[in-house]
Amino acid sequence: MESTKDTSLPSFHHLNDDHSKVALIEGDNSTSYSDLHARINCMATNLLDGKSDLNEERIAFLMPASLDYVTMLFGVWRAGGIAVPLNVSSALAELEHALTCAGVTRVVANGEYSENISDLCEKLNIKLSSVNEILTDKSGTLPEISLDRRAMILFTSGTTNKPKGVVSTHKNIRAQITTLIEAWAWDYDDTIPLFLPLHHIHGIINVLCCGLWAGASVSLFPKFDMDNILNEVASNSYNVFMAVPTIYVKMIQHLDTLDDADKKSITNGFRNMRLNISGSAACPVKVYNQWLELTGQVLLERYGMTEIGMAISNPYDGERRAGAVGIALPGVEVSLFDDDDNLLDEEDKPGEIRIKGNNVFLEYWGNKEATEGSYKDGWFCTGDVAVKENGYYRIMGRSSVDIIKSGGYKLSALEIEGTLLTHDDIAECAVIGSPDEMWGEAVTAFIGLKPEKTMVYEDLKAWCDGKMSPYKIPKQIIIIDALPRNAMGKVTKPALKEMLP
Ligand code: MLC
Ligand code: AMP
């Protein structure tokens, strides 16, 4: 088994040690490592359908966290394909972009998800099947996959209108996993709930892949189902918890509504855990302190990105500093650079975070220009600005005003503006993120209307429904006579920030 692990990612560390160990829990059902392993082998064999290797064919799947999802992800990897996990809450136009951009040849989806995407697959001439249609108990010889091969494409919004496909190799994924196994002391006895969306690395790498690599048990939820998850927490079902700051804010608010006994059983459940982690967006110091007071847990904050996995983390053993993201993870090189690309070796000077290491992605799929543009002198440029203070990095913001982080999702202002501009009554618009206690940043649209037109928020929200993922829909609109522009005619977004109520 060890040799398989060296040549391809998808094997589970403890498989040979204890086959009956529970790998996945889904409601009342659980799946052992040996059953999961067998199911994945069958899936890979069936996907291969007589071929010796999928040779990086792009296989997309549209399903929430479930045994089927895990079977697809690892099944595609074992068969030599590139896994393209799709966003279950995407609008059709967004799915169409992902499928065409990645050149997907096959989509796997069950039930309602299959119904939602079937016309699109037909239009794009892409084969659509359900897991049950593919999966038989046939298992065969699987290809040896070298670590340099492409493994996964995840879509990330950025400073361009359309999301880009981030390609990670097996080596990248393995590096992203193993650094966290070491840094956060992942263990065979760990149990963790997974409720984050599975089209992003936070859920895929930090929770699912790390959990399975460690031989831990991962409890799957199709979404953040607070009541059920907190019931399990109160029953001491988990010893590790990973979430975005918005989830901690939601839980803090919820705990405030409970009577003392219920609140205590939940906070004790957290108190008994070995680790609570926050990431994907800045964790406000207020939230860190509230969580500490409620649960006794010192939140471990870390910093990452789709293109690099995790790069910086507060220590597992050692001081976890509120408002800071910590130090470089093992095997990850982190440096700050000033605007003239000079390496900053002094503390207290803000600069762009740049990263090197096996964790760094291979390329943006089919986009050589964007790939090349994201590197300088071999360093991947994150676009995030940080400062180093007494040895710890603190994130100060982003170099682009066109990127918004809402509830842990990275959103492109330009993409949202592009859709809003297709509204018949909108003459011009500009989208920014406004500070928000719940979401970190809330999508706010400044809108200039065509003559004689009026607009109320609810109507625009209803119009956006189905045209973009729900979490991209503006939380507020501000109607404005004319957008502020500079001498070049470009909208000055900092001026808009000052106009926020
Ligand atoms: C949901 N809504 C959001 C939203 N999530 N609005 C803005 N931003 C978000 N992130 C809206 C819905 O559209 C809906 O609106 C209402 O909130 C309730 O929806 P819900 O689905 O019931 O909400 P909930 O389940 O509570 O979702 C909140 C959440 C979710 C925080 C659990 O957003 C989430 O899972 N976020 C995590 C994203 C993530 O994993 N990011 C990692 C990226 S990787 P209405 O109006 O219809 O009521 C990365 C790298 C790294 O960043 O470092 O990790
Ligand atoms: P994504 O592209 O969705 O992977 O999001 C990556 C971005 O999330 C980073 O570039 C940061 O801007 C942001 N991010 C992740 N973790 C943190 C954190 N702990 N604090 C502040 N920002 C973060």
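The structure presented is a predicted model; accordingly, all values stated were derived computationally and were not measured. Whatever order the structure lists them in is the order used to number ligands and atoms, beginning at 1.
At least one heavy atom of Pro197 sits closer than 4.0 Å to an atom of ligand 1. Taking a 4.0 Å cut-off on heavy atoms, Lys472 fails to register as neighbouring ligand 1. For Glu301, the closest heavy-atom approach to ligand 2 falls below 4.0 Å. For Arg302, the closest heavy-atom approach to ligand 2 falls below 4.0 Å. Ligand 1 does not have Lys410 within reach: every non-hydrogen atom of the residue lies 4.0 Å or more from it.
Annotation for ligand 1: atoms under 4.0 Å from non-hydrogen atoms of Ile247 are 31 (C), 32 (C). Of all the atoms in ligand 1, the ones that sit under 4.0 Å from a non-hydrogen atom of Ser406 are 7 (C), 8 (N), 9 (C), 10 (N). Each of the following atoms of ligand 2 lies closer than 4.0 Å to a heavy atom of Val325: 19 (N). For ligand 2, the atoms lying closer than 4.0 Å to a non-hydrogen atom of Lys405 are 1 (P), 3 (O), 5 (O), 6 (C), 7 (C), 8 (O). Close approach of ligand 1 to Lys461 is summarised as follows: ligand atoms under 4.0 Å from at least one heavy atom of the residue are 45 (P), 46 (O), 47 (O). The ligand atoms of ligand 1 that sit less than 4.0 angstrom from a heavy atom of Met310 are 51 (C), 53 (O), 54 (O). Heavy-atom proximity to Phe224, at under 4.0 Å, picks out these atoms of ligand 1: 32 (C). Close contacts of ligand 1 with His202, meaning ligand atoms under 4.0 Å from a residue heavy atom, involve 42 (C), 44 (S), 54 (O). For ligand 1, the atoms sitting less than 4.0 Å from at least one non-hydrogen atom of Lys223 are 20 (P), 21 (O), 22 (O), 25 (O), numbered in the order shown with element in parentheses. The Thr156 neighbourhood of ligand 2 comprises atoms 2 (O), with distances under 4.0 Å to a heavy atom of that residue.
Of the protein's heavy atoms, at least one falls inside 4.0 Å of atom 3 (C) of ligand 1. Proximity of atom 48 (O) of ligand 1 to the protein is not indicated, since no non-hydrogen protein atom lies closer than 4.0 angstrom. Of the protein's heavy atoms, none falls inside 4.0 Å of atom 14 (C) of ligand 1. Within the 4.0 angstrom cut-off, atom 27 (O) of ligand 1 has no protein heavy-atom neighbours. Distances from atom 45 (P) of ligand 1 to the protein include at least one heavy-atom value under 4.0 Å.
Remark: the backbone N or O of Leu154 is not paired with any side-chain donor or acceptor of His199 at under 3.5 angstrom.
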Verify side-chain hydrogen bond (donor to acceptor under 3.5 Å, both in side chains) between Ser434 and Glu441, making sure each step is shown before the conclusion.
-> CA-CA 5 Å; Ser434 51; Glu441 291 181 300; over 6 Å; no
From CA spacing to verdict: side-chain hydrogen bond (donor to acceptor under 3.5 Å, both in side chains), Gln290, Tyr248 = CA-CA 9 Å; Gln290 284 174 318; Tyr248 288 103; over 6 Å; no
Decide yes or no on side-chain hydrogen bond (donor to acceptor under 3.5 Å, both in side chains) for Asn314 and Tyr392, but give the supporting numbers first.
-> CA-CA 8 Å; Asn314 273 282; Tyr392 280 34; 4.9 Å; no
Passes side-chain hydrogen bond (donor to acceptor under 3.5 Å, both in side chains), Asn110 versus Asp68? Steps please.
-> CA-CA 9 Å; Asn110 301 329; Asp68 281 349; 3.0 Å; yes
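In summary, Asp148 and Lys171 engage in a salt bridge, as defined by a charged side-chain N under 4.0 Å from a carboxylate O. Between Arg394 and Glu347, no side-chain nitrogen of the basic residue sits less than 4.0 Å from a carboxylate oxygen of the acidic one, so the salt-bridge criterion is not met. Classification of Arg274 and Asp190 as a salt-bridged pair holds, one side-chain N sitting under 4.0 Å from a carboxylate O.
Protein heavy atom nearest atom 12 (O) of ligand 2, with residue, atom name and distance: Asp384 OD1, 2.7 Å. With respect to atom 2 (O) of ligand 2, the closest heavy atom belonging to the protein is Lys410 CD, 2.9 Å. If you check which protein heavy atom lies closest to atom 1 (P) of ligand 2, you get Thr306 OG1, 3.4 Å. Nearest protein heavy-atom neighbour of atom 6 (C) of ligand 2: Gly304 O, 3.5 Å. For atom 21 (C) of ligand 2, the closest heavy atom belonging to the protein is Ala282 N, 3.3 Å.
At least one N or O atom of Gly407 sits closer than 3.5 Å to an N or O atom of ligand 1. For ligand 1, the polar-atom distance check against Tyr303 finds no nitrogen or oxygen pair separated by under 3.5 Å. In terms of N/O distances under 3.5 Å, ligand 1 is not approached by Thr246. Distances between N or O atoms of Gly304 and those of ligand 1 include at least one value under 3.5 Å. Note: no N/O pair closer than 3.5 Å links Thr382 and ligand 2 by distance alone. Not one N or O of Thr306 is nearer than 3.5 Å to an N or O of ligand 1, by distance alone. At least one N/O-N/O distance between Lys475 and ligand 1 falls below 3.5 Å. At least one N or O atom of Gly408, backbone or side chain, sits closer than 3.5 Å to an N or O atom of ligand 1.
A perpendicular orientation is assigned to the rings of Tyr238 and Phe221, their planes being inclined by more than 60° (bins at 30° and 60°).
Heavy-atom neighbours of Glu437 CD from other residues, nucleotides or ligands within 6.0 Å: at or below the threshold of 12. Other residues, nucleotides and ligands contribute over 12 non-hydrogen atoms within 6.0 Å of the NZ atom of Lys410. Within 6.0 Å of atom CG in Asp259, more than 12 heavy atoms from other residues, nucleotides or ligands are found, so the atom counts as buried in its surroundings. Residue Lys349 places its NZ atom among 12 or fewer non-hydrogen atoms of other residues, nucleotides or ligands, all under 6.0 Å distant.
Within the 6.0 Å centre-distance limit, the rings of Phe270 and Trp291 are counted as a close aromatic pair. Centroid-to-centroid, the aromatic rings of Phe361 and Phe380 come within less than 6.0 Å. Ring-centre distance between Phe61 and Tyr69: below the 6.0 Å cut-off.
Of all the heavy atoms of Met226, none lies under 4.0 Å from any atom of ligand 1, so neither backbone nor side chain is involved. Neither the backbone nor the side chain of Asn206 has a heavy atom within less than 4.0 Å of ligand 1. With a 4.0 Å cut-off on non-hydrogen atoms, Trp439 touches ligand 1 through its side chain and not its backbone.
Compare Ser313, Ser400, Ala281, Gly309 by their heavy atoms: the one nearest to atom 23 (C) of ligand 2 is in Ala281. Looking at Gly326, Ser280, Gly440 and measuring to atom 15 (C) of ligand 2, the nearest heavy atom belongs to Ser280.
Under the side chain to side chain donor-acceptor pair (under 3.5 Å) rule, Arg354 has a single partner from Asp377, Asp341, Thr382, which is Asp341.
Contact annotation: the side chain of Ile25 never approaches that of Leu220 to less than 4.5 Å [non-hydrogen atoms, C-beta and beyond]. Side chains of Leu73 and Ile204 form a contact here, defined as non-hydrogen atoms less than 4.5 Å apart.
For the residue pair Glu94/Ser469, the side-chain donor-acceptor check at 3.5 Å is satisfied.
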